[in-house]
Structure formats: C-alpha cells, structure tokens
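What follows is one structure encoded as structure tokens, with my remarks underneath.
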Amino acid sequence: MMKGPKKWRLFALMTALLVFLSGCGREEISTLIPAGKVAQDQFNLLILSSIVMLFVIVVVTIIYVLAIVKFRRSKVGEDMIPEQVEGSARLEFIWTAIPIVLLLILAVPTVYSTFDLADVTAMDAQNEDGVAENLTVNVTGKLYWWEFEYPEQEIRTAQELVVPTGERVYFNLIAADVKHSFWIPSVGGKLDVNPENVNTFYLEFDKESSELEEGVYFGKCAELCGPSHALMDFKVKTLNREDFDAWVAAMQEEQAAPTETLAQDGQEIFEQSCIACHATNAAGAATGVGPNLATFGDRTTIAGFMEHDEETLKNWIADPQQYKPGNLMPNPEEINNGEAFSDQELDALAAYLMSLKVEE
Amino acid sequence: MSSNSQKKGFGATIWDYLTTVDHKKIAILYLISGGFFFLVGGVEAMMIRIQLMKAGNDFLSAGTYNEVLTMHGTTMIFLAAMPILLAFMNAVSPLQIGARDVAFPFLNSLGFWLFFFGGIFLNLSWFLGGAPDAGWTNYASLALASEGHGIDFYSLGLTISGFGTLIAGINFLVTIINMRAPGMTYMRMPLFTWTTFVASALILLAFPPLTVGIFFMVFDRLFGANFFDVTMGGNTIIWEHFFWIFGHPEVYILILPAFGIFSEIFAIFSRKRLFGYTALVFATILIGFYGFMVWAHHMFTVGLGPTANAVFALATMIIAVPTGIKIFNWLLTIWGGNISFTVPMIYAVAFIPSFVAGGVTGVMQAIAPLDYQLHDSYFIVAHFHYVIVGGVVLAILAGTHLYWPKMFGTMLSEKLGKWTFWFFFIGFHLTFFIQHFLGLMGMPRRVYTFGADQGWDLFNAISSAGALLMAIGILILLVNVVMTVMKGERVGNDPWGDGRTLEWAIPSPPPFYNFAQTPLVRGLDPYWIEKMEGNKEGMVYAEPLGDIHMPNGSFIPFVISLGMFIAAFGAMYHTDGHAWALPVLIGGLAITFGSMLVRSLKDDLGFHVTKEELIADNERIQREARALEGGKKGGLK
Amino acid sequence: MDLNKRYTPQTWPDHPETATLEGKNKFVGFWLLLAAETVTFASLFATYLALKDKGPSGMEFSASGLFELPLVFAMTMILLTSSLTSVYAMYHMKNHNFKAMQAWLGITVLLGLAFLGLEIYEFNHYVHLGFGFTNSAFSSAFYVLVGTHGAHVVFGLSWFIALMLRNAKRGLNMYNAPKFYLAALYWHFIDVVWVFIFTVVYLMGVIG
C-alpha cells in the first residue's frame, strides 16, 4: 500500500514513453505537424502553454511528493499530534502572485492571436481591375457532405476542397440544415458552421498535398450533426498557384462526354435517375441537392471516407444507408422506377462516374 | 418514536422511505438512486469504449452510439454526480452546523422525488422509442431535427429533475443561513458546508437559464413555437448561451462539493487544521462568482468575434488563481501533518495530481486560438474527464468511504476499498491520459467510428483497456458494499478516530433528531477542540435538555412528483395526435397542483419529542456504545 | 406552534412574518426563490430582445405596428394599484386587523382579475389579427415572456384566494402570517416584472 504513489509515477512515466514512441499521429490530420500559418501559430501556443503548465506541475509534484513521504504516520508516529497551523499570509500571497504572472505570460499572445486569426479585412481587397486579390471559398455544410463554391471563379465542387498553397484563403461558412463545424486539423483550428449566420476566417496552406502519403489533407466535421457525423469527412488538395489556376480553368469547362460505351450507358442511366440531385458540371451557380460530381473521377474517396474504387462505388449506390446512416441519398428503388439497379446498370454508372474528371 | 431501535417489516420500511422528510434518510435515497444511475451511466461508458476499441467496429450502430453518448453524459452529470453529492450534502451539512434538520424538510423530500421521477422518465426513453441523441449539450438545430421522442424525454425529464435540484439548492441555502447552532459563525463552518453553500447558490442562479432554454425546446418541439427554427426567425445560438450559462456553473456545482469533501479528508487524516481556512473559503466564493462570467469559453468556435473571445479567454484564465490557491493550501495542510493512508485519504492524495492535470489543460483551452484546435476534439474529452472523474468521481468514491459509517453505522472494508482504488485510478489515467493525444492527432469527439487510415487505433485500444480496469474497480466496490451490509458490524461516533467536526461527535447513524441538545460551537473544528480539551462528551451544549419539535413525514412530495411524471407523458404524446394525451397532461397537472393545494390547506404542525423520550433514547444509545466498546473497539486500527 | 393561541394587537409582534423560525426560513427561502425567478425573467427578456421582430421572410407583424399603448397603460395602472392595495393589506396584517386585511386583499384580487381579463382580451385580439403563437420567432418570444408573467398572476391570485378562504374563520396567527406576507411579496414581484415588460416590450416596442 505504501508503495502507492511510486507505482503511479512509474505508470505515468511508461505512458509518456508510449506516447513518445508512437509519434505525433499522421501528417494528413495531426495538429502536432502543422502545415500552415494558422496551425503553426496554434501549435506554438500549445508548446508555450505546455511549458508553463509543466512548470506548475513540477512545483506541485515536488511539494506533494515530499509531503506524503515525510509526513506519513509510520514515520511521524502513531500518537503525534501535529501543530494546528492556521495559515500564512505570505504563502497565500506567493501562490496568488506567481500564477498571475504565469497567466500574464499566456494572456498576451492569446489576445494577440485571437485578433490576428479573426482578421478578415483583406478578404474583399481588389486590385485595379476589380478582381479579388485573395481566394474566397464559400463552404456549405450539409447532412454529411461539404459543398465548396468559388464565387469569383463561378465554380463549385464537393467533398474535396482544392486550394492554392502559399497564400491566404478565406472561407465563408454556413450550414444548410443542422450545425456543423469545419476543421482541417493539420492546417488550422475549427470554426462552427451555423445555420443562422455566415462565419468567416482564413487559413494558409504551406505544402502541396501531393507530397503526403495519402495525397490529401483530412478535413472533419467537429460538431455532432447526426448519426453519420463521424463520416462527414472531406479531403483537401493543395496545389501550387499555377496548378491551381489550371485546375480552375479546367473546372470552368463543360464536362466532356464519355467515350467508352459502358460509360455512355452509365450516363444515360444517370440522366434518368441521378441528375435531379447531382450536377456533373462544375461551372455555374446552381446548387444541387446532392454533391456536385464534376470531379468525381479525380477524388480520393467515395462519400468522403471510403476507398475510391468501382466496387465500393457500386456498393454505395446500391445501398447508401448501409454505409452512411441517415444520409439523404435515396435508395435505387426510389429513383429507378421502384427497382434496384442491376449489376450491369451499376457497372455502367460506376464507369460513367469514374470518367468524370477535370484533372489529367 | 425512536424508529431505529425497533425492527420493522419490509413494507413498513418502504413506506417509511416513501414518506420520510428526514435529511439522513433522504441522503440514503439520493445515494441509492444516484448510485444506480452511476452504474447505468457506467455501462453506457463501457459501450462507448467497446465501440471505439478498434477502427471500424460495429458493436453499436451510428444512431445507437449517439443515444448512448448522450445518455452517458446526461446521466452522469444530472442523475449520478449531482444526486450523489446531494446525498453527502444532506447526510452531513445539517450535522456539521449542529442543526436538527434542514430548513424545509418537506421540500427536501419533494426535491428528491422530482429528481427521481425526472431521472426515471429520461431513462424510460430507452424502452419507448429511443433515447435522446443530440449530446448532453443538446444543441438546438440537431435537437429540433432529431426524430422520435428522444429529445422530448431529455427536455421534460430534465425539467422535472431540474426543479428538484433548484428546490434542494434553496433548501441548503436557507438551512445554512438560518439553522446554524449557536457559535457556528460563517467563518467557523466546515469547508464542506461552505462548498455546499456556494454550490447551492450556483444552483439557484444557474438552473433557471437551463429551465428557460429547455422550455423553449419543449415549446418548439411540442407546441409549434419558433425559438430555434432558423427559417421562422429563430436562433440556435440562444440555446448555446443558455445551456452554457447554466453549464459552466454546473461544473462548479459538481466540483465545489468535491473540494469540500477533500478538504475534510485532508484535515481529518493529516490530523491537522486546514491550512489557510480563510483563503480556502474565499477561493470557494471566488470560483463560484467567476463561474458565471466564463460560459462563452465553451463557444470560442461559434463565431462570437475576437473581442468576446479575448474577454472570455482572460476571464477563464483568472479562475486558475483561486483553484491554485486551493491546491497549495491542501498541500500545506498535509505538510507537517500526521498522514494516515486510509481509503478516503488515498483518494484525496490521488486527487491532487489528477485534478492538477485536468486544471492545466483547462488553462490551455482558455487560450482561445489554441482552443480552436482543441475544442470538440478528444483533447476536451480528456480534459473534462480529468476534472470530473479526477475531481468529482474520486470525491464521490472518497466520500462514500468517509461518510458510509456516518450514514449507515457500518464500515466499508479498507482492503477492498484499496483494491477498488488501484483499479479505478490506474484505469482512469490509462483511459483518459492518452485521449489528450488522440485529440491533438485530429480525432473529433462524438464520433461513432473512425477509419484505420487515421492513425488512432493504438491509443483508442489503450483507452478502452483502461475503461475495463475502471469497471473492475467499481465492481469490487459493489462487492464491498454488499459484504459490509451483510456483516453489519456497528461502529461508534468517530470511527476514523480523528474526526474534527460536529457530525463525528454524535452516534453513527445519528438519532432522527440529530442532537438531543443543540451544541455550542467554540471555534473551527468544534469536536476536535472538545477532544483536545478532554471533553468526553465531545460537545458542550447551548441549551438544557427539553422537548424537540420535529416535522411529520408526508407522502405528498411523492404524489406531486408523480403528477408531473404523468403530465410529461401527456405533453409528449400530445403531438402524435393521441386522443388520450391531453387528458393525461391535464390529469397529471391536476394531481400535482391538487396535492400542492392539499399541502397548503392542511395544517401540518409536526410533533414533539418529549424530554422523557430523549432521556430513554440516550440511555439506549449509551448502552449500545458500551456494548460496542466491550465487543470490539470501534473504528479502524 | 399553537394555532389556538389568541393574539391582540398588543401581543402581536412587530414582524409576525419572521417571529418564528419557520417564518424566518420561509422569508429567506422566498427571497431566494425570487432571485431564481429574476434570473428566469432576465433570460426571457434577453430572448425576447434577441428575437424581437424576427420572423420568416415577409412577416407582416412588428412590435411598432402591433402594440397599442392605451390598453397596456390601463393594465399597468391596474396592476400598480393592486400592489398598493396589497401594501395596505400587509399594514393591517402587522396591526393584527384581520378584517381590514381581508378586505384589502379582496380588492387586490379584484384588481388582479381585471388585469388578467384585459391580458386575455389583448392576446385574443392579437390572435384574431393573425399574430399567433406559432407565427414567428417574435410571436413565440412575446407570448412566452408575457404569458409566463400572466401565469404568475394566475398563481398569485390563486394563492391569495386560497389563503383568504382557508383562514377566513381562523383569523391571523403566527402560522399563517408569514404565508400572507409572502403572497404579498410575490405580488410585488409580479408587479415589478410587469413594469419591465411595459417598458421593454410595449414602450420600446412602440417607439421602435
């Protein structure tokens, strides 16, 4: 029993070691591997506050361990009656003043950074030609998927955000249904996506995502929004400015008709059953009930979180509720004259969807 | 009259508890029902950890997981932690101030039954179409979109139990203001009574905003109002404000009594007066006061603007100062003491590092820009479990061991208690320490599953293993309770041997009138003072022995609460167009208001315990004490 | 406590409401309850101000177009007067003049009923105009704020009536004096809340 506190310390040490060994998580999603100014600022605050807090913990631990080691009954004697000390004004002053100083150390960067990260005044800046200097993306959170509109470029996509590196990108966030929260952990902290008002902030992306193992950063919904909240993922592709411009230009083009016959069959089915909700052109302002599919073939996931292959795609189309409970995509029976899609139809749809690409 | 001296039948005992207005019996009712809900919430916690033990697990479906996580939070906060703390407040506070009962015994019983029926109502949702699934915070847009009646169970259940808590809060405030024994000045009150007092004040001012918010929710969902319906001009942020104007003080409603319990333990088992008592009292008051100024730190990411965020960030940081004062005063209390490592003391000693860990992560989250990363991630899950489990639950477990003899007259096994402690404590750190890192690695909270490609598998597996250890610890505690009850070995007034405050000067359990003669308090830690001066009786008296006035028991509180329980079903099913719903709603309210009217019109003046009865009872108590001395020395040695 | 103990104005204490421990407890407890009530109404006011004139696009009702001051002013005067008459009742309670107290309480109740009648008329009028509870966020906030006050009026009146009937034959004693006192205190609280409603909802509403 008396070995108690020692056991605890050993255990804490082992836990710390374990954490150290397993690293800081994945580069695509960890806040501990910041990939942009915002995340870097926040990471710096994390380190600063951790150091200050570590100091507090060390002080408390020293007094604590000394106290429970020195003054145990087995040491001071069964019948010892300690002096009944009332207190000490000097000590009270010390442990009031020192924490206040520590908090001041934290308070200054906190206030500075709070205002800095909320500064979106440059958002509407225009150059002489009346073109916006900075990229703005309008983000709409919908039940379990994300829509990204580029108002200046007049293009629209979903599930995969594409942004240029090395510059500030401004975001307008709003929810179409319930509240969500927009979070790209390795690039910056989250901001809520409210149904009643537009929230605005900026992020900066340092690194091209093609250098990552998965080729994209991982984005998350961080506010409980229903059964499939956990699956409301999106991906972020970061391109250098040149590639980004090329991507925008390609997005503004009309989607080319598929060349393969299977894909052409798929297009026919798509236009009977799916087109009411899903647009296949990125250009134009019309928002769809479902995600825009213009870049479907370029994406890395299906429905935001599943493997990007035809087999998964067919399973998904055949029974969307099984994979993302509570999502609003109808079962095939509801859009295909009361029947499930045949294997052939699914093959054709999958071929068609995979052919929807804007990148080379 | 002396009800504890004669054996009663089972039915009579049940009836006794249904109608009791005795604060000590109400404490037992709170402890049993709070303990039951604690187990329910614990099972829900285990289900969460089983689901998350590996990537892509399918133990729970997505919808069920959300119900489980919502009910886990709601149950643990409203139906487990708070009632168990109320159990200790009821059991101990009136004794500590030398009172014969609380100010409003009838309302005390009403408060319990409202909580009880509210809790039962909420949990019936599992069997009646599904539990609430919008998180314990019940954010409005999701809550309005939620199908079925889950959210209605949440709002109506919490309304009922919330009234109960409010009543309890007022009751303790009045009791402590008006019922202190002669000489028991405010600055001689034991710390636990002080924390009860401040926590009750927080209850008084924090529950109304929650009730208002919940009423809006009920009106929106059941009666077509538009408070939170954005298309009709409503605003869901209003809910967030009300919830957190309540929610942040609620955290202190839980932690302050926990601080109180630990303060008592540090003093008793260090055999030393609390160091810096005055500072501890003022720190308690300051924490309570600041508790109302920081709610928006739960809303840093809502988009309130940098000015609001900066102000609330600074206000939040300030709270660290009085909390630090407390920690250091406790450390200095054990410093130079004579520490006996009993089970309550081990919990108290373990509480310090655990709570400091939770406290420092709290300061980190007060840094608003950093919180943009930490908010709604597993980091926050780790943080609030460190303060609530590392603070409140450890206090509950410590308090259960500490006050068990005072409440039941028997002693929980120290040996099993230590087993419970080690399993629970190691399990707790294993479960939650690692979750800080999960959060930093990008894992959002409230996710029912996660992909294998996110890099979170190992830490989640470790976390789940820790939860298992905690569960084992609690099971051992249950065994301990059962064994202790079966054995039924009686203990004396001061079973820990080093009691300092008035509750340890009277028998365990105390007679129903607590003090045959009101004590005269001569300083802080009155019982310790008398002991040190060699006073065998442990008390000096402020009055001669005379007749005592006591309140009558009453079944009416049960009926009032039952009426509201019934009315809630009517209100809820009213929207489904059932013809019976409206009559049920009206009938339920009629029962409630009817029984209130009966209470109001019927004179109930209580009864008197005569001097002769007191003398006879005192002789019985002395006899039992002598038998105890002769048989086996009471207490732990 | 002896219910049958007879008091005369000479033996009757100056502050009968706090002369016993039960009375003292009730007195403190009730003030605390009023604190909680104050927070409740503060929450309702805050909500009302946040949602004032908010509704679906094209909503035709706004505070400045809807409310009419003369009726509300009459209601205010009636309620303020009733507060005054309840003060008279308490004056006689402290002087152990039961009959006078009952009479003034009776007048208070009548004024309260008049207020309630006008409020029901007012709500009815709005509903007929098409300004229903489910009409908009504004209407919900309005009806819940003013309606909660109205519910308090109903409760206060019921309390007065119950006390007056119950004690009609028994007269004043130390057991019921605190009850009368607290009912009157409650009535003042209702009155103060109404002053705020009159200012925040009606005056500020009409001014815009």
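When reading the values below, keep in mind they use all heavy atoms of this one structure, side chains included, and skip hydrogens, waters and symmetry mates. Residue numbers begin at 1 in each chain, while the letters A, B, ... track the order of the sequences.
- Looking at Ala175(A), there are no atoms closer than 4.5 Å to chain B (heavy atoms on both sides), in backbone or side chain.
- With a threshold of 4.5 angstrom between heavy atoms, Lys190(A) approaches chain B through its backbone and through its side chain.
- With a 4.5 angstrom heavy-atom cutoff, Tyr139(B) touches chain A only via side-chain atoms.
- Listed options Asp119(A), Leu173(A), Leu106(A), Thr114(A) were ranked by heavy-atom pairs under 4.5 angstrom with chain B; first place goes to Thr114(A).
- With a 4.5 angstrom heavy-atom cutoff, Ile318(B) touches chain A only via backbone atoms.
- Asp498(B) touches chain A through its side chain: at least one heavy atom from C-beta onward sits under 4.5 Å away, while N, CA, C and O do not.
- In this structure, chain B has a heavy atom under 4.5 Å from the side chain of Lys220(A), while its backbone stays farther away.
- Between the side chain of Arg72(A) and the backbone N or O of Ile339(B) there is no donor-acceptor pair closer than 3.5 Å.
- Neither the backbone nor the side chain of Glu147(B) has a heavy atom closer than 4.5 Å to any heavy atom of chain A.
- Only the side chain of Val76(A) comes within contact range of chain B, with heavy atoms under 4.5 Å apart.
- A cation-pi arrangement is present between Lys235(A) and Phe218(A), with the terminal nitrogen or guanidinium carbon under 6.0 Å from the aromatic centre and inside a 45° cone about the axis.
- Aromatic ring orientation, Phe425(B) versus Phe421(B): parallel (interplanar angle below 30°, classes split at 30° and 60°).
- Of the listed residues (Leu374(B), Leu144(B), Val230(B)), the one with the most heavy-atom contacts under 4.5 Å to chain A is Val230(B).
- Residue with the most contacts toward chain A among Ala134(B), Pro369(B), Ala310(B): Pro369(B) (heavy-atom pairs, distance under 4.5 Å).
- The choice from Ile33(A), Leu46(A), Leu102(A) that makes the most heavy-atom pairs within less than 4.5 Å of chain B is Leu46(A).
- Residue Ser270(B) touches chain A through its backbone alone, counting heavy-atom pairs closer than 4.5 Å.
- The closest donor-acceptor contact from the side chain of Thr70(B) to the backbone of Asn66(B) lies under 3.5 Å.
- Annotation: maximal heavy-atom pairing with chain A below 4.5 Å, among Gln454(B), Arg445(B), Met364(B), occurs at Gln454(B).
- Heavy-atom contacts from other residues, nucleotides or ligands closer than 6.0 Å to OH of Tyr323(A) number more than 12.
- For chain A, the nearby part of Ala350(B) is the backbone; its heavy atoms alone come within less than 4.5 Å.
- For a residue to count as touching a neighbouring chain, one of its non-hydrogen atoms must lie under 4.5 Å from one of that chain's; by this rule Ala118(A) touches chain B with the side chain only.
- Between Phe182(A) and Phe171(A), the two ring planes are tilted [angle within 30° to 60°].
- Contact of Pro195(A) with chain B is made through backbone and side chain together, with heavy-atom distances under 4.5 Å.
- Using a 4.5 Å cut-off between heavy atoms, Leu91(A) touches chain B through its side chain atoms alone.
- When heavy atoms are compared at a cutoff of 4.5 Å, Ser186(A) does not approach chain B at all.
- Interface residue Asp233(A): only side-chain heavy atoms are found under 4.5 Å from chain B.
- With chain B as partner, the option from Val178(A), Leu231(A), Ile81(A) having the largest number of non-hydrogen pairs under 4.5 angstrom is Val178(A).
- For Trp528(B), the part lying under 4.5 angstrom from a heavy atom of chain A is the side chain only.
- Heavy-atom distances place the side chain of Trp183(A), and not its backbone, under 4.5 Å from chain B.
- Classified by interplanar angle (parallel below 30°, tilted 30° to 60°, perpendicular above 60°), the ring pair His436(B)/Phe433(B) is perpendicular.
- In this structure, no portion of Glu28(A) lies under 4.5 Å from any heavy atom of chain B.
- If you measure heavy-atom distances from Glu92(A) to chain B, the contacts under 4.5 Å come from the side chain alone.
- In this structure, the side chain of Asn329(B) engages the main chain of Ile325(B) through a donor-acceptor pair within 3.5 Å.
- If you measure heavy-atom distances from Ala140(B) to chain A, you find no contacts under 4.5 Å at all.
- For Leu117(A), the part lying under 4.5 angstrom from a heavy atom of chain B is the side chain only.
- At a 4.5 Å heavy-atom cutoff, the contact between Leu332(B) and chain A is made by side-chain atoms alone.
- Under the 3.5 Å distance criterion, the side-chain polar atoms of Glu414(B) are matched with a main-chain donor or acceptor of Val343(B).
- Between Met80(A) and Gly337(B), the closest heavy-atom pair is CE-O, 4.0 Å.
- The aromatic rings of Trp239(B) and Phe228(B) sit perpendicular to each other, their planes meeting at more than 60°, with 30° as the lower class boundary.
- The candidate from Asn235(B), Ile237(B), Val302(B) with the greatest count of non-hydrogen atom pairs under 4.5 Å with chain A is Val302(B).
- Counting heavy-atom pairs under 4.5 Å between each of Thr64(B), Thr137(B), Ile367(B) and chain A puts Ile367(B) at the top.
- For the options Ser113(A), Gly189(A), Ser88(A), heavy-atom pairs under 4.5 Å to chain B are most numerous at Gly189(A).
- Proximity to chain A (any heavy atom under 4.5 Å) is restricted, for Asp133(B), to the backbone atoms N, CA, C and O.
- For Leu314(B), the part lying near chain A is the side chain, with the backbone staying farther off; criterion is any non-hydrogen pair under 4.5 Å.
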For this session: Applying salt bridge (charged side-chain N to carboxylate O under 4.0 Å, His left out), run through Asp192(A) and Lys179(A) and close with a yes or a no.
Result: CA-CA 7 Å; Asp192(A) 286 358; Lys179(A) 182 178 173 110; 2.9 Å; yes
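- Interface check for chain A: of the options Ala145(B), Ala279(B), Gly276(B), Gly455(B), the most heavy-atom pairs under 4.5 Å are formed by Gly276(B).
- With chain B as the partner, the residue from Gly77(A), Pro185(A), Pro227(A), Ser50(A) showing the most heavy-atom pairs under 4.5 Å is Pro227(A).
- Under a 3.5 Å cut-off, the side chain of Gln321(A) and the backbone N or O of Asn327(A) do form a donor-acceptor pair.
- Both the backbone and the side chain of Val360(B) come within contact range of chain A, each with at least one heavy atom under 4.5 Å from a heavy atom of that chain.
- Proximity to chain B is absent for every atom of Val52(A), based on heavy atoms less than 4.5 angstrom apart.
- Checking side-chain atoms of Gln84(A) against main-chain N and O of Pro82(A) turns up a donor-acceptor pair under 3.5 Å.
- Not a single donor-acceptor pair under 3.5 Å links the side chain of Ser30(A) to the backbone N or O of Arg26(A).
- Of all heavy-atom pairs spanning Leu103(A) and Ala320(B), the tightest one is CD1-CB, 4.3 Å.
- Heavy atoms closer than 4.5 Å to chain A are found in the side chain of Val356(B), but not in its backbone.
- Proximity to chain A (any heavy atom under 4.5 Å) is shown, for Ala368(B), by both the backbone and the side chain.
- Of all the listed residues (Ser228(A), Pro99(A), Ala107(A), Pro109(A)), the one sharing the greatest number of non-hydrogen pairs under 4.5 Å with chain B is Ala107(A).
- Ring pair Phe437(B)/Phe459(B) is perpendicular by interplanar angle, where above 60° counts as perpendicular and below 30° as parallel.
- Ring geometry for Phe351(B) versus Trp330(B): interplanar angle over 60°, hence perpendicular rather than tilted (30 to 60°).
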